[in-house]
Amino acid sequence: MKKVEMSTKINVNGSKVQTVQEFAARRLEEVASYGSAQFVIVGDDAYLGNNSSGEAAYFAHAVRLGDVIAYGWAPLYLIEFEIVNSETEDGNDACDWSVVSRYEEDGTIEVE
């Protein structure tokens, strides 16, 4: 699976942000949820891969709402989306993009 390098930076309109909520609000992205945990995708769009069970799934890197940005760094997560429509050829219709099926911490990301 693809990893985001530690040197990856998020530039939020040239302003510093203090919380992931503030970052997400400035990005104006949709939120995906896993129970009460909410995530906003950062970087590239979701990509197709195989999960730990060998099943096809979509993956993306995200920040979690509620996390605190400490000294310009925020926790980074790898989130997984289950394919619910395997008949489609359009990746946009393959998953329920509002529901995360699994997530794991995957390092940190710098926020400028």
Side-chain angles (χ1 to χ4, degrees):
M1 285 185 236
K2 185 170 102 177
K3 298 267 186 187
V4 173
E5 297 298 322
M6 292 287 288
S7 62
T8 299
K9 296 181 181 180
I10 303 171
N11 185 349
V12 186
N13 299 328
S15 301
K16 295 196 180 232
V17 294
Q18 300 302 314
T19 64
V20 174
Q21 281 91 338
E22 187 178 351
F23 163 77
R26 291 185 185 190
R27 290 266 314 209
L28 301 174
E29 298 288 340
E30 290 186 25
V31 174
S33 299
Y34 180 91
S36 63
Q38 296 181 310
F39 298 90
V40 175
I41 295 175
V42 296
D44 297 331
D45 291 334
Y47 59 93
L48 185 61
N50 291 323
N51 63 20
S52 58
S53 300
E55 300 167 332
Y58 278 88
F59 299 89
H61 282 96
V63 291
R64 182 172 64 183
L65 301 183
D67 286 349
V68 175
I69 297 171
Y71 303 102
W73 294 89
L76 182 68
Y77 298 88
L78 180 64
I79 60 175
E80 179 181 325
F81 295 95
E82 178 183 3
I83 296 176
V84 295
N85 184 3
S86 59
E87 300 299 317
T88 185
E89 293 183 20
D90 182 359
N92 291 325
D93 296 330
C95 302
D96 178 349
W97 298 105
S98 66
V99 178
V100 174
S101 59
R102 192 178 72 79
Y103 71 93
E104 62 186 45
E105 197 164 339
D106 197 35
T108 57
I109 189 163
E110 187 173 6
V111 178
E112 288 186 337

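Between Cys95 and Glu82, the shortest heavy-atom distance links the atoms SG-O, 3.3 Å. Among all heavy-atom pairs drawn from Pro75 and Val68, the shortest one is CD-O, 4.1 Å. When all heavy atoms of Tyr77 and Arg64 are compared, the pair lying nearest together is OH-NH2, 2.9 Å. Between Glu80 and Asn51, the closest heavy-atom pair is OE2-ND2, 3.0 Å. The minimum heavy-atom distance between Val40 and Val31, with the atom names listed, is CG2-CG2, 4.1 Å. Summarising the geometry of Tyr47 relative to His61, their closest heavy-atom pair is OH-CE1, 4.5 Å, with the distance given to 0.1 Å.
Side chains of Val99 and Phe81 form no contact here, defined as non-hydrogen atoms less than 4.5 Å apart. Ile79 places none of its side-chain heavy atoms less than 4.5 Å from the side chain of Arg102. In this structure, Tyr58 and Leu48 have side chains that are in contact, with non-hydrogen atoms separated by less than 4.5 Å.
Grouping the Ile, Leu, Val, Met, Phe, Trp and Tyr side chains by contacts below 4.5 angstrom, directly or via other members, places Val84 apart from Trp97.
Rounding to the nearest 0.5 angstrom, the gap separating the CD1 atom in Ile69 from the CD1 atom in Ile109 is 10.0 Å. To the nearest 0.5 Å, atom OG1 of residue Thr108 and atom CG of residue Asp67 are 11.5 Å apart.
Remark: Ser36 pairs with no residue by the side chain to side chain contact (heavy atoms under 4.5 Å, CB included) rule, at least two apart or across chains. The side-chain hydrogen bond (donor to acceptor under 3.5 Å, both in side chains) check on Asp96 picks up Ser98, with sequence neighbours excluded.
When the shell of 6.0 Å around OH of Tyr34 is examined, it contains 12 or fewer heavy atoms from other residues, nucleotides or ligands.
With hydrogens and angles disregarded, a donor-acceptor distance shorter than 3.5 Å links the side chain of Thr88 to the backbone of Asp90.
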